[in-house]
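Any value given below was found using the heavy atoms of this structure, including those in side chains, with hydrogens, waters and symmetry copies removed. Atoms within each ligand, like the ligands themselves, are counted from 1 in listed order. These figures come from a predicted structure and were not determined experimentally.
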Amino acid sequence: MKKRFKAISQLVAVFATGLITLSSCISDPDSSGLEYTPDMYRSPAVEPYVDYGQVRNEINDSLKVLQSSLRPPHETIPYFGTDAEYVSMMLPYHRKASSAANVSHGLYEKEGWMLSDSLNTEYEKAKADKNPIELTEANSEEIFKEGKRIYSSKCQHCHGEKGDGQGQMMVNGTYVGVPDYKNLQDLGDGQIFYSIYYGKGAMGAHSMLINKKEIWTLVHYVNKFRFDDYGNFDVEEAPVADSLNTNEEVSDSLESAQ
Ligand code: HEC
């Protein structure tokens, strides 16, 4: 009886091994063969802006409204490099979200989004905030190049390559109400920062997509569309003096604003 059992189990073992070996031989040379744990080879990719309450047809209601591009935990500071100016630019933004953030892609009332009590006061105050990145003859080319790089991936589809509000989304009718930068002559640099950071009207917040240094770089780039001579150091008088910072203002604003 014992012998017989041994023989049977040996037969089963041989048969099973053969089956496993055969089943992994698939005629397609590009096939990876039979996978027993596909999730370990190919974990479901978590992509930005995707509602990942639904992954592979499985619905997880508690995650349903969360987007994968979330803000970092409240009061954490992304830290890059050792450049003091750059690091101080990464400190939490001192201005609260105005009520304008209410319509910014549902991002309002998330942790850390403290709405200011009265309508748009912070936005008005932001008018006086200076750009901590000073535009000089030496760095302007580099700043505009970097601005163009960020702008073309994050802004151009709405605002247009020429900043005239005729981006692809406007042209094909997906979006409406994108302004021509030329018509925004009265905005302060800080307000542009504020609007990009928290969003304004139909424009969503960008604070979780680009960091403060990138936003201030974009402020210079947007100014180039707003003012013809912006960043043009060949002209006799100082170009758009109001929008440029003196060194003193830069260090002031770094201390107080950032
Ligand atoms: C999805 C389309 C869209 C994208 C993307 C977008 N914007 Fe806007 N933007 C708008 C709309 C619409 C307005 C008008 C908002 C209003 O005044 O109600 C606007 C307004 C602005 C303003 C004027 C803000 C003010 O205070 O009046 C600036 C400056 C601006 N956008 C810059 C940018 C920059 C820089 C980017 C890229 C980081 C960007 N926008 C991305 C649609 C967009």
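Within 6.0 Å of NZ in Lys182 there are more than 12 heavy atoms belonging to other residues, nucleotides or ligands. Residue Asn183 qualifies as enclosed at atom CG: its count of foreign heavy atoms under 6.0 Å is above 12.
Annotation for ligand 1: atoms under 4.0 Å from non-hydrogen atoms of Tyr123 are 25 (C), 26 (O), 27 (O). Counting atoms of ligand 1 from 1 in the listed order, those under 4.0 Å from a heavy atom of Ile192 are 29 (C). In the vicinity of Pro179, heavy-atom distances shorter than 4.0 Å reach the ligand 1 atoms 13 (C), 14 (C), 19 (C), 20 (C). Of all atoms in ligand 1, numbered sequentially from 1 with element shown, those under 4.0 Å from a heavy atom of Cys158 are 1 (C), 2 (C), 3 (C), 4 (C), 5 (C), 43 (C). For ligand 1, the atoms sitting less than 4.0 Å from at least one non-hydrogen atom of His157 are 5 (C), numbered in the order shown with element in parentheses.
Distances from atom 22 (C) of ligand 1 to the heavy atoms of Leu184, Val178, Ile150 put Leu184 nearest. Of the candidates Lys154, Glu214, His206, His159, the one placing a heavy atom closest to atom 20 (C) of ligand 1 is His159.
Of all non-hydrogen atoms in Phe193 and Val219, the two that sit nearest each other are N-CG2, 3.9 Å. Between Glu214 and Arg149 the shortest heavy-atom distance is OE2-NH2, 4.1 Å. Here the closest heavy-atom approach between residue Met203 and residue His159 is recorded as SD-NE2, 4.0 Å. Closest approach of Phe233 and Leu135 over heavy atoms only: CZ-O, 3.8 Å.
Among the atoms of Ser195, no N, O or S atom falls under 2.8 Å of atom 8 (Fe) of ligand 1. Within the coordination shell of atom 8 (Fe) of ligand 1, defined by N, O or S atoms under 2.8 Å, Cys155 is absent.
The proximity of Ile215 to ligand 1, defined as any non-hydrogen pair under 4.0 Å, does not occur for either the backbone or the side chain. Contacts with ligand 1 closer than 4.0 Å are made by no heavy atom of Tyr151, backbone or side chain. When heavy-atom distances to ligand 1 are checked against a 4.0 Å cut-off, Tyr181 comes that close only through its side chain, counted from C-beta outward.
The pair Glu142-Lys145 fails the salt-bridge criterion, with no side-chain N (NZ, NE, NH1 or NH2) lying under 4.0 Å from an Asp/Glu carboxylate O.
By the 4.5 Å heavy-atom criterion applied to side chains, Asn139 and His220 are not counted as neighbours.
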